Each structure stands twice: as structure tokens, then as C-alpha cells.
Amino acid sequence: MWRYFKSAFLVTVDVPSLGRIPVNVLGVAAFGILGFAQPAFWLLGLAIEATVLPSLAFNPRFQKVVQAERLQLSEGDAEQKRKALVGLLETQARQRLSSLIDRCNRVLDVYGSQQVEGYVLDSNMQALKNLQWVYLKLLVARHHLLNPLNGETTQTLAQKIGELEDDLRKGEETESLRQSRTATLAILKKRLMIMQRKKQTLEEIESDLTRIDNQVDLILENATVEGKPQTISADIELASDLLGGAVFGDDESAISDLEQTYGRREAKPQKETA
């Protein structure tokens, strides 16, 4: 509720030649200045704000406007993070992602020309976005496998693991430090496992990328040739394991944040529906 009061206090209105003006802020400032000459203005200003702010903050329409603005800002921040991930990729990988997005847009154009019902079009748009998100995650994972953090190898990771295990066996650290080192040890072991099966994981990622390419091609063919709308499924069972965040390196946090916006669980049985 506090955010609604804050938004109500900072609400602005358009004034010709002046742009958007924060009326409440200016009003409080005006009554504050006038109050030094006549203290009754302070009471008057307080009474006005005590009436105006709650009436706005508890107004359902105003609350919806505030929620919409927050959602827009959240989506804008997510898009910036997504673009940052795309920027990590090599030219060929970016071109591959761009090609997939173009084909997805062509699918939507075809469905749009067929006067598909709004809810079907929205559902298909979200499904294609989910496929694009999984595709981007696969490309980011491949990037980090091909470009290990700080040039690390299985040997350097194994050495770090050994040193941490020695420190833990000594038992000289505090409980909080021990917990931190134990968590770090688990992450290092996960990364070592990924490095050890690097070739296999890269092959699995390439297989998943090709699978998504073929699925989108099939969706486009069905939309173009059959000439009738179908519900698109974004459910796809991946051969590669992207659930372990260690595969994303330093971008694990960004991937986790964006999962809330773009993602859905991808490890589901694939449906026959195109």
C-alpha cells in the first residue's frame, strides 16, 4: 500500500508549455512557505493532503495505473539484461538467434493475416517467446563452455577443490565460514563435472538448438501451408542439463532473474501439437 501513497504524492499532470508538473509536491512546498507567514496554511495543507492522498491511493483505477507502470519498468529492465546476454555471444551465434526470431515473427505475421482470435495469438506469441528464451540460454551456456571463466581447466578446478577440502578437514574456521566454504565447494564440484563432460554437453546443446530450429520451421510450415491457426506448444524436452546454474558462469544471476520474465520449465515431455 505504501507504493500507492508514494505514487499519489508524486502524481503529475500535463501543463501546456511546462510539461508534467508534480502538483502535490508543489502544493506541499507552497503551503510550507506560506505557513511561515500564517501557520494556519500548514494546517490547511495538511488537511488537503490527508484528503487527497488516501482518495487516490485507495482508488482501484489509480492502483491499476501504478501496477501497469511498475510492470513496464520491470519488463524494460529485463529487456536490458536480455540484450546484455545477447551481446556476449559471438557473431555467428547472434545471427543464429536473429534468424530464429525472424522466423517466429513470420509465424505471427501469418497468424495475424488469418484473423486468428486474440487469445490464440497471445498464447502463440508467448509460446514463441519461451522458445526464443530457451534458445538464448543454450547459446549463453555454449559460450561459457567454450570460454571458461579466467581460463580455468579441470586441473585448476581440481586444485581449488583439494585446497578447500583440506581447509574444511582442519576445522579451524567459524561455523559461518565453514558454511560458506562448503557452499563454494559444491559449486566448484559442479563446475568440475561440467568441464569433465564438456564435449558431451556441447553436443547436447547443439542437438537442442537444432531441435528448436526444426520445431519453429515446422510451426512456420503448418501456419503457411495449412492456412489454419494452431495452438503452439513451447514444451520441449532438452537433451542438455541447463537446470544447474553453474553452466552459465558469471551470468547465472542474470539468467535466474530473467527466468521470472521469459522462462518456464522446459524439461517437460514434448507434445505433438505444433
Side-chain angles (χ1 to χ4, degrees), residues 81-100 130-215 236-260 262-270:
K81 290 182 179 180
R82 190 195 71 83
K83 288 181 178 179
L85 290 177
V86 174
L88 291 173
L89 305 177
E90 295 76 9
T91 301
Q92 184 178 7
R94 289 200 301 269
Q95 290 174 345
R96 193 169 179 180
L97 176 63
S98 179
S99 174
L100 180 83
N130 289 336
L131 286 175
Q132 293 170 30
W133 169 237
V134 174
Y135 203 84
L136 175 57
K137 286 197 297 180
L138 289 165
L139 291 173
V140 172
R142 187 178 68 173
H143 169 81
H144 283 288
L145 285 171
L146 294 173
N147 302 276
L149 183 65
N150 298 325
E152 284 183 335
T153 64
T154 54
Q155 290 77 17
T156 58
L157 283 173
Q159 181 179 354
K160 289 181 179 180
I161 289 172
E163 293 172 353
L164 264 179
E165 288 177 335
D166 288 341
D167 290 339
L168 288 170
R169 277 194 293 268
K170 293 177 183 177
E172 298 175 353
E173 65 280 314
T174 63
E175 182 59 27
S176 60
L177 181 56
R178 182 177 183 81
Q179 291 177 356
S180 175
R181 285 179 171 174
T182 301
T184 302
L185 180 61
I187 294 173
L188 289 176
K189 287 183 175 180
K190 177 68 175 179
R191 289 172 57 192
L192 178 60
M193 182 186 70
I194 292 172
M195 289 286 289
Q196 289 172 335
R197 59 188 298 267
K198 175 179 175 179
K199 181 179 179 181
Q200 178 185 344
T201 302
L202 285 171
E203 290 175 350
E204 291 172 348
I205 288 175
E206 182 58 37
S207 174
D208 289 333
L209 289 167
T210 302
R211 185 172 185 175
I212 293 176
D213 280 325
N214 290 334
Q215 182 168 343
I236 184 168
E237 186 177 1
L238 298 180
S240 55
D241 177 18
L242 299 187
L243 298 180
V247 74
F248 296 114
D250 288 344
D251 295 308
E252 177 185 351
S253 176
I255 293 287
S256 179
D257 291 343
L258 289 173
E259 196 71 40
Q260 305 299 319
Y262 298 112
R264 59 184 295 174
R265 291 188 180 275
E266 60 268 17
K268 295 181 179 179
Q270 185 177 10

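A quick note: this is a predicted structure, and the numbers were derived from the prediction, not measured.
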Problem set entry | Identified side-chain hydrogen bond (donor to acceptor under 3.5 Å, both in side chains) counterpart of Thr201 within the set Lys199, Arg197, Glu204, Lys198 | Arg197

Exercise. What's the shortest heavy-atom distance between Ile212 and Tyr135, and which atoms?
Worked result: CG2-CD1, 3.7 Å

Exercise. Side-chain contact, heavy-atom cut-off 4.5 Å: Asn147 with Leu88?
Worked result: no

Exercise. With sequence neighbours left out, what residues match Glu203 under side chain to side chain donor-acceptor pair (under 3.5 Å)?
Worked result: none

Exercise. Cut-off 3.5 Å, side chains only: do Gln159 and Gln155 have a donor facing an acceptor?
Worked result: no

Seminar exercise, completed: Interatomic distance, CG@Asp166 vs CD1@Ile161, rounded to 0.5 Å, equals 12.0 Å

Exercise. Hey, is Glu165 close enough to Lys189 for a salt bridge, meaning N to O under 4.0 Å?
Worked result: yes

Exercise. Should Leu202 and Glu206 be marked as a side-chain contact (heavy atoms from CB on, under 4.5 Å) after you check the CA-CA gap, both sets of side-chain angles, and the distance that decides it?
Worked result: CA-CA 6 Å; Leu202 285 171; Glu206 182 58 37; over 6 Å; no

Exercise. Does the side chain of Leu139 reach to within under 4.5 Å of the side chain of Arg142, using non-hydrogen atoms?
Worked result: yes

For this session: With rounding to the nearest 0.5 Å, note down the distance linking NE2 in His144 to CG in Leu146.
Result: 11.0 Å

Seminar exercise, completed: Interatomic distance, NZ@Lys137 vs CD1@Ile205, rounded to 0.5 Å, equals 11.5 Å

Problem set entry | Separation of Thr182 OG1 from Leu177 CG (nearest 0.5 Å) | 9.0 Å

Exercise. Per the side-chain contact (heavy atoms from CB on, under 4.5 Å) rule, which among Val86, Leu138, Leu209 passes with Leu97?
Worked result: Val86

For this session: Taking the side chain as every heavy atom from C-beta outward, state whether Leu89 and Leu136 have any atom pair closer than 4.5 Å.
Result: yes

Exercise. Does some side-chain heavy atom of Leu100 sit less than 4.5 Å from a side-chain heavy atom of Arg96?
Worked result: no

For this session: Can you sort out the partners of Leu164 under side chain to side chain contact (heavy atoms under 4.5 Å, CB included), two or more places apart, ordered by chain and number?
Result: Arg181, Thr184, Leu185, Leu188

